[in-house]
Amino acid sequence: MKKIMNEQLIYEVLSVVEEIPEGKVATYGQIACLIGRDKNARLIGKILSQAEFYGQYPCHRVVNHAGRLVPGWDEQRFLLLEEGVSFKNSNHVDMKKNKWEY
DNA sequence: TTTATGACCTGCA
DNA sequence: CTGCAGGCCATAA
């Protein structure tokens with residue numbers, strides 16, 4: 001009764017990320033709140049980086065509170081454009097219209 | 001256990 | 001929203 005928690009968080013996070021509709025973007029704090037870890041927003045990013053290892057998830061729809069895309073991942077911008085997400089500039093999305101509300 | 005790092009958040013200007 | 005400073009939690013060394 002000790003190792004679990006890692007899998008638990010991943011399961012909860014991916015479950016929420018998978019429910020994000022197309023053309024919408026959710027913030028880490030939003031997801032963290034849904035899983036009951038609003039303080040662990042940073043873990044979401046760490047988990048999402050591992051999410052690719054666990055399975056295919058729309059991690060490109062997840063951005064930070066400022067609407068900034070993942071640093072070092074220019075491909076995410078292209079993926080969001082296909083979903084119909086509006087962009088303010090090369091690395092910032094228009095959360096005003098694309099922010100996901102559950 | 002302590003230190004350092006991170007796909008972050010909130011508050012203030 | 002943007003930029004700066006402080007803070008919370010989990011992982012790795």
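Letters A, B, ... mirror the listed sequences (proteins, then strands); counts begin at 1.
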Separation of C:dC8 atom P from A:L43 atom CG, nearest Å, is 15 Å
A:K96 atom NZ is separated from C:dT2 atom P, nearest whole Å, by 11 Å
Legend entry - Backbone N/O of A:L43 and side chain of A:N40: donor-acceptor pair under 3.5 Å: no
Here the distance between atom P of C:dC9 and atom CZ of A:R37, to the nearest Å, is 11 Å
Rounded to whole Å, the CD1-C1' distance (A:I47 to B:dT5) equals 16 Å
Among B:dC9, C:dT11, B:dA7, the one nearest any side-chain atom of A:V70 is B:dA7
Assign each of A:Q50 and A:K39 the nucleotide of DNA chain C bearing its closest heavy atom; nearer the 5' end lies the nucleotide of A:K39
Winner on side-chain proximity to A:L48, out of C:dC1, B:dA7, C:dC8, is B:dA7
Here the distance between atom P of B:dG11 and atom CG of A:D38, to the nearest Å, is 12 Å
Rounded to whole Å, the CD-P distance (A:Q30 to B:dA7) equals 21 Å
Do any side-chain nitrogens or oxygens of A:N40 fall under 4.0 Å of OP1 or OP2 in C:dA10? yes
Considering only heavy side-chain atoms of A:H92, the closest of C:dT2, B:dA7, B:dG6 is C:dT2
From CG of A:L69 across to C1' of C:dT2 the rounded distance in Å is 16 Å
Is the closest side-chain heavy-atom distance between A:V93 and A:K99 below 4.5 Å? no
Worksheet item: Got A:V25 and A:V62 here, is their nearest side-chain heavy-atom distance under 4.5 Å?
Response: no
Between CD of A:E75 and C1' of B:dA7 the distance, given in whole Å, is 15 Å
Closest of C:dC1, C:dT11, B:dA7 to the A:M95 side chain is C:dC1
| Backbone N or O of A:V70 within a donor-acceptor pair of the A:Q76 side chain at under 3.5 Å? | yes
